[in-house]
Amino acid sequence: MSMILETKNLTMRFGGLVAVSDFTASVPQGSITGLIGPNGAGKTTCFNMVTGFYRPSEGQVFFEGKELTGMNPHQVCRAGIARTFQNIRLFGNETALENVMIGSFVRQRTGWIQSVLMTPASLREEKEIRKKSMELLEIVGLGDIAAEKANSLPYGAQRRLEIARALATGPRFLLLDEPAAGMNPQESMELMDFIRTIRTRFDLTILLIEHDMKVVMGVCEHMWVLDYGVTIAEGGPESIQSNPKVIEAYLGEEYVKYA
Ligand SMILES: Nc1ncnc2c1ncn2[C@@H]1O[C@H](COP(=O)(O)OP(=O)(O)OP(=O)(O)O)[C@@H](O)[C@H]1O
């Protein structure tokens, strides 16, 4: 099985705090993989190191066999990795369509000078981007709210919109940071279908951080478990749910009793 992402001994220190220690992990191509663990375990820090938001104190990141360590977020995005954030980061006063268009500009061929001068090439490209962004909104089920401002949308729609914007950058690898946060059980169920659908439709590999165990166990084929920055387990849903270390550090006996 080929690995789309490999990390080697990724370590992040903030002063005296070791937020992530020696994170050596791999994500199979085409998989939906989970990164789980208690609050403060270092999950988002791992995302930040992979996507160039943090420069690791030590260690390396390889994407499709090429080293990404030290690249900035824009370069990582152009390489084919997109992400969403734990706290939704949309342009609230822009419409849903404009938010998706902003994602597409990462792949824009004409430069900013041409855009400012509104050359025929840049106008043609903007029209193309508008059309593609609209199609994307339709695919994620937001076609009818394209003209609404992002901050007026219900929470579940905002999460989908953030994913649509990430998809607009044309990624092969998508990282989702707590996509089910704040969703009700019905929305979480729909999210699982949605994640599987976009994986197939866009030929993606997905890595997600999530605390909702129904979502994690329902959708992830493989997962990594962090506790205090240290990897304490990896495996499929069955083995993770019965792993004593994971039960003690994170899931708890109650979860095991009622799962
Ligand atoms: N920029 C930063 N400066 C200092 N400490 C940080 C920074 N970012 C994260 N940390 C610390 O690193 C540790 C890991 O945080 P991180 O956000 O990665 O955890 P997490 O597993 O994603 O938690 P949660 O599930 O609550 O989102 C925490 O102790 C956090 O306070």
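The first residue of the sequence shown is numbered 1, and numbering continues consecutively from there. As the structure lists them, so they are numbered: ligands from 1, and atoms in each ligand from 1. The figures that follow rest on heavy atoms only: side chains count, while hydrogens, waters and symmetry mates do not.
- Within ligand 1, the atoms closer than 4.0 Å to a non-hydrogen atom of Ala41 are 19 (O), 20 (P), 21 (O), numbered from 1 in the order shown.
- Around the CZ atom of Arg201, the shell of radius 6.0 Å holds no more than 12 heavy atoms that belong to other residues, nucleotides or ligands.
- Contacts between Asn48 and ligand 1 below 4.0 angstrom, taking non-hydrogen atoms only, are absent altogether.
- For the residue pair Gln158 / Glu162, no side-chain donor-acceptor distance below 3.5 Å is found, with atom types taken as modelled.
- When the options Val225, Leu226, Asp227 are evaluated for a side-chain contact (heavy atoms from CB on, under 4.5 Å) with Ile36, the one that passes is Val225.
- Listed by number with element, the atoms of ligand 1 under 4.0 Å from a non-hydrogen atom of Leu17 are 11 (C), 12 (O), 29 (O).
- Annotation: the span from Tyr155 atom OH to Asn184 atom CG amounts to 12.0 Å, rounded to 0.5 Å.
- Atoms CG and CD, from Leu191 and Glu210 in turn, are 7.5 Å apart once rounded to the nearest 0.5 Å.
- Counting heavy atoms from C-beta on, the side chains of Phe173 and Val27 come closer than 4.5 Å.
- Under the 4.0 Å distance rule, the nearest protein heavy atom to atom 23 (O) of ligand 1 falls inside the cut-off.
- Geometrically, ligand 1 and Ala19 share no nitrogen or oxygen pair separated by less than 3.5 Å.
- Close N/O approach between Gly42 and ligand 1 is found [any backbone or side-chain N/O within under 3.5 Å].
- Residue contacts with ligand 1, taken as heavy atom pairs separated by less than 4.0 Å, involve Pro38 solely via the backbone atoms N, CA, C and O.
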### Verdict with reasoning, Gln60 to Glu6, per side chain to side chain contact (heavy atoms under 4.5 Å, CB included)
CA-CA 8 Å; Gln60 293 165 292; Glu6 286 179 288; over 6 Å; no

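- For atom 28 (C) of ligand 1, the closest non-hydrogen atom of the protein is Gly40 O, 4.0 Å.
- Between Phe14 and ligand 1, no pair of N/O atoms sits closer than 3.5 Å.
- Within ligand 1, counting atoms from 1 as listed, the ones closer than 4.0 Å to a heavy atom of Glu178 are 25 (O), 27 (O).
- Nearest protein heavy-atom contact of atom 17 (O) of ligand 1 is Thr44 CB, 3.8 Å.
- Among all non-hydrogen protein atoms, the one lying nearest atom 8 (N) of ligand 1 is Tyr54 OH, 3.2 Å.
- From the protein, the heavy atom lying nearest to atom 26 (O) of ligand 1 is Asn39 OD1, 3.1 Å.
- With a 4.0 Å heavy-atom cut-off, ligand 1 is reached by no atom of Met12.
- Remark: Asn243 pairs with no residue by the side-chain hydrogen bond (donor to acceptor under 3.5 Å, both in side chains) rule, at least two apart or across chains.
- Between the side chains of Asn48 and Arg83, a donor-acceptor pair is found at a separation under 3.5 Å.
- Each of the atoms 9 (C), 14 (C), 15 (O), 16 (P), 18 (O) of ligand 1 lies under 4.0 Å from some heavy atom of Thr45.
- For ligand 1, the atoms sitting less than 4.0 Å from at least one non-hydrogen atom of Gln86 are 27 (O), numbered in the order shown with element in parentheses.
- Contact annotation: the side chain of Leu90 never approaches that of Asn151 to less than 4.5 Å [non-hydrogen atoms, C-beta and beyond].
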